[in-house]
Structures are given as C-alpha cells and as structure tokens.
> 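What follows is a structure written as structure tokens; I'll ask about it next.
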Amino acid sequence: ERGVILDLQSPIQRLLTGDPNIPAFEKVITQLETDAPAQLEAPKTNVRQASFAVDGVPFQARVETYAQQKTGELHMDVTVQTTVPAILGDLRLSEQGWGESFLVLLRLSQDIKVGSFSFDETFVIKGVEETAPLILTEDVQKAILVIAGEDVPRLKVNRGLAMLLWHYEPNARCLNAAIEALKGIRNADVAGILRSKDEPSSH
C-alpha cells in the first residue's frame with residue numbers, strides 16, 4: 001500500500017511544481033519561423049496547442065502530458081498536423097517491430113516498401129500502395145527520420161488531413177522536421193491520380 005501512495009504522489013507533485021514540457025512547447029512555438037505569430041491556446045492545464053502558418057501552409061501543433069497510472073511516470077503526446085489534398089489515399093506509418101514483421105511474413109498484415117533500407121527498416125507502412133511513393137519522397141523520409149532519432153513517430157494521412165505524432169519532449173529540431181515532412185506531403189504531385197481518374201474506362 002505504501003508503494004501505491006508513493007506512486008500517486010508523483011503526478012500530484014508534478015501538478016504542483018509545474019510540467020516542464022508545457023513551457024518548453026510554448027517556447028519552441030514562439031521560436032519557429034512562422035508567417036505570423038502563432039496563436040497559442042490552453043484548453044486544459046496539461047494541454048497546449050498552437051495554430052500558425054509556414055510558407056502559407058496552415059499547421060496546428062499540440063502537446064498533451066499525462067502521468068502513467070501505475071508508475072506516475074510522465075508521458076506526452078506531441079502532434080503536428082496540416083491539411084492535404086483529399087484525393088490522396090489513406091496511409092499510416094508506425095514503428096517496425098518483431099511482432100509486425102512476423103505477421104507480414106505470414107501475409108497477415110500489410111507493409112508497403114518504399115525502397116529505402118533505413119526507412120523500410122524503421123516503419124511499417126499500411127494503406128493505399130499508390131499513395132506511398134507519391135507522398136513519401138526522399139525529402140519527406142529524411143524529415144521523418146529526424147524525428148525518429150528522438151522517438152519513432154506515427155504518421156496518419158486520412159480524409160484531407162496529415163498528422164505526425166510522437167512521444168518526446170517538445171524541441172525545435174523535431175517540430176521543424178515535422179513541418180518540413182508535412183509540407184512535402186501537402187505538396188505531393190497528385191497529377192497522376194487526377195489523370196487516371198479523368199481517363200475514360202475501357203470497360
């Protein structure tokens with residue numbers, strides 16, 4: 001019982017002393033090279049979100065911190081998202097692991113390959129196969145791998161939105177990399193998809 005009490009004290013102490021990740025996020029946001037000053041919001045004590053534009057591209061960044069129930073250890077979700085052409089097919093990136101690799105080997109799970117050893121070894125890619133090479137260009141891959149140097153992020157492209165999520169303290173290196181990656185995805189060349197949709201069916 002004593003151990004349980006000590007575990008509960010940890011998140012309470014953090015609430016009293018303040019969460020260092022909240023001011024860290026606010027500081028990094030103000031240091032970004034945005035088109036205009038970012039609009040910061042605090043919907044909850046443990047949440048900060050910011051809206052801003054870079055080179056005319058709209059972004060929303062968010063940090064949410066929470067204490068793990070059993071240990072009281074502090075965790076965080078950092079997300080950056082932007083709008084993308086709705087015509088892009090769904091795509092999801094997650095961390096490569098032995099369990100997922102085993103399922104792929106048994107052909108029970110999908111894992112699209114983009115031809116880059118470092119990227120393919122880091123991520124499981126699922127979704128519309130034609131979308132992967134279209135949006136995961138070399139520059140986008142490099143930017144996402146910058147974040148992976150801190151924590152392997154997840155990417156979700158779905159219904160006109162692209163979002164990167166990772167669990168590491170907010171810093172300029174990762175936020176700038178996320179912005180570059182999402183800009184690249186947003187600017188993907190969708191002309192091929194548009195042409196294929198415009199072509200008359202042979203049936």
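Atoms considered below: every heavy atom in the structure, side chains included; atoms not considered: hydrogens, waters and symmetry mates. For reference, positions follow the sequence shown, starting with 1. Note that this is a predicted model, so its numbers are computed, not measured.
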> Kindly indicate whether the side chain of Pro170, heavy atoms from C-beta on, has any atom under 4.5 Å from the side chain of Met76.
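When only atoms from C-beta onward are counted, Met76 and Pro170 do touch, with a gap below 4.5 Å.
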> Looking only at heavy atoms, which two atoms of Arg186 and Pro85 are closest? And how far apart?
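Shortest heavy-atom separation between Arg186 and Pro85 comes out as O-CD, 3.5 Å.
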> Are any non-hydrogen side-chain atoms of Val152 and Phe123 less than 4.5 angstrom apart?
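Result yes, sub-4.5 Å side-chain heavy-atom pair found.
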> In this structure, would Trp166 and Ile22 fall into the same cluster of hydrophobic residues linked by side-chain contacts under 4.5 Å?
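Yes, one cluster joins them.
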> For the atom pair CG (Leu155) and CG (Leu182), what is the distance rounded to the nearest 0.5 Å?
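It is 7.0 Å, given to the nearest 0.5 Å.
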> Got a donor-acceptor contact below 3.5 angstrom from the Arg154 side chain to the Glu95 backbone?
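Looks like no, no N/O pair under 3.5 Å.
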> Going only through I, L, V, M, F, W and Y residues with side-chain contacts under 4.5 Å, is there a path from Phe59 to Val47?
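Not linked; separate clusters.
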> Is there a side-chain contact (heavy atoms from CB on, under 4.5 Å) between Val140 and Ile135? Walk through the geometry before answering.
CA-CA 7 Å; Val140 170; Ile135 68 174; over 6 Å; no
> Is a donor on one side and an acceptor on the other found under 3.5 Å between the side chain of Thr82 and the backbone of Pro58?
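Looks like yes, one N/O pair under 3.5 Å.
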> Return the minimal non-hydrogen interatomic distance between Asp90 and Arg159, and the atom names on each side.
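Looking at all heavy atoms of both residues, the shortest contact is OD1-N, 4.1 Å.
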> As an exercise, state the distance from CD of Gln60 to CD of Glu41, rounded to the nearest 0.5 Å.
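Here the rounded value is 7.5 Å.
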> Evaluate the side-chain proximity of Ile112 to Leu91: yes if any heavy-atom separation is below 4.5 Å, no if none is.
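Yes, their side chains come closer than 4.5 Å.
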> Grouping I, L, V, M, F, W and Y whenever their side-chain heavy atoms are under 4.5 Å apart, do Ile87 and Leu136 come out in a common cluster?
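As far as the 4.5 Å side-chain criterion goes, Leu136 and Ile87 are connected within one cluster.
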> Under a single-linkage definition using a 4.5 Å side-chain heavy-atom cutoff for Ile, Leu, Val, Met, Phe, Trp and Tyr, are Leu165 and Phe25 assigned to the same hydrophobic cluster?
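In one cluster: no.
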> Let me see the working for Leu40 and Glu26 under side-chain contact (heavy atoms from CB on, under 4.5 Å), right down to the final yes or no.
CA-CA 8 Å; Leu40 269 165; Glu26 293 175 341; 4.3 Å; yes
> Do you know the tightest heavy-atom contact between Asp35 and Asp55?
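For Asp35 versus Asp55, the nearest heavy atoms are OD1-N, 2.9 Å.
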> Mind running side-chain contact (heavy atoms from CB on, under 4.5 Å) on Phe119 and Leu93 for me, showing each step along the way?
CA-CA 10 Å; Phe119 201 82; Leu93 266 69; 3.4 Å; yes
> Test your reading of the model: is there a side-chain donor-acceptor pair from Asn46 to the backbone of Tyr66, 3.5 Å cut-off?
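Side chain of Asn46 to backbone of Tyr66: no pair is present.
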> Can any side-chain N or O of Asp120 pair as donor or acceptor with the backbone N or O of Lys113 at less than 3.5 Å?
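No: the side chain of Asp120 does not pair with the backbone of Lys113.
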> Return the CG to CG distance between Leu175 and Leu32, rounded to the nearest 0.5 Å.
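Reported value, rounded in 0.5 Å steps: 6.0 Å.
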> Could you tell me which non-hydrogen atom of Gly127 sits nearest to which non-hydrogen atom of Arg92, and how far apart they are?
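Closest heavy-atom pair between Gly127 and Arg92: N-NH2, 4.5 Å.
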> In terms of side-chain heavy atoms, does Asn21 have a donor or acceptor partner in Thr65 at a distance below 3.5 Å?
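No donor-acceptor contact under 3.5 Å links the two side chains.
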> Locate the shortest heavy-atom distance separating Ala177 from Ile147; write the atom from each residue and the value.
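In this case the closest contact between Ala177 and Ile147 is CB-CG1, 3.9 Å.
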> Just so I know, are the side chains of Leu145 and Ser118 near enough to count as touching, which here means a heavy-atom distance under 4.5 Å?
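A side-chain contact under 4.5 Å exists here.
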> Please say which of Glu64, Gln49, Arg48 ends up in a side-chain contact (heavy atoms from CB on, under 4.5 Å) with Pro43.
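With Pro43 as partner, side-chain contact (heavy atoms from CB on, under 4.5 Å) holds for just one option, Gln49.
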> Rounded to the nearest 0.5 Å, how far does OG1 of Thr30 lie from CZ of Phe52?
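Here the interatomic distance stands at 11.5 Å.
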> Work out which heavy atom in Ile185 is nearest to a heavy atom in Leu88; give both atom names and the distance.
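Ile185 and Leu88 have their closest heavy atoms at O-CD1, 4.0 Å.
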> For Gln39, look at atom CD and say whether over 12 heavy atoms of other residues, nucleotides or ligands are found less than 6.0 Å away.
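No.
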> Looking at Thr79, Ile144, Val146, which hits side-chain contact (heavy atoms from CB on, under 4.5 Å) with Pro153?
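Between Pro153 and the candidates, side-chain contact (heavy atoms from CB on, under 4.5 Å) is satisfied uniquely by Ile144.
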> Do Val54 and Glu33 make a side-chain contact, defined as non-hydrogen atoms from C-beta onward lying under 4.5 Å apart?
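Result no, sub-4.5 Å side-chain heavy-atom pair not found.
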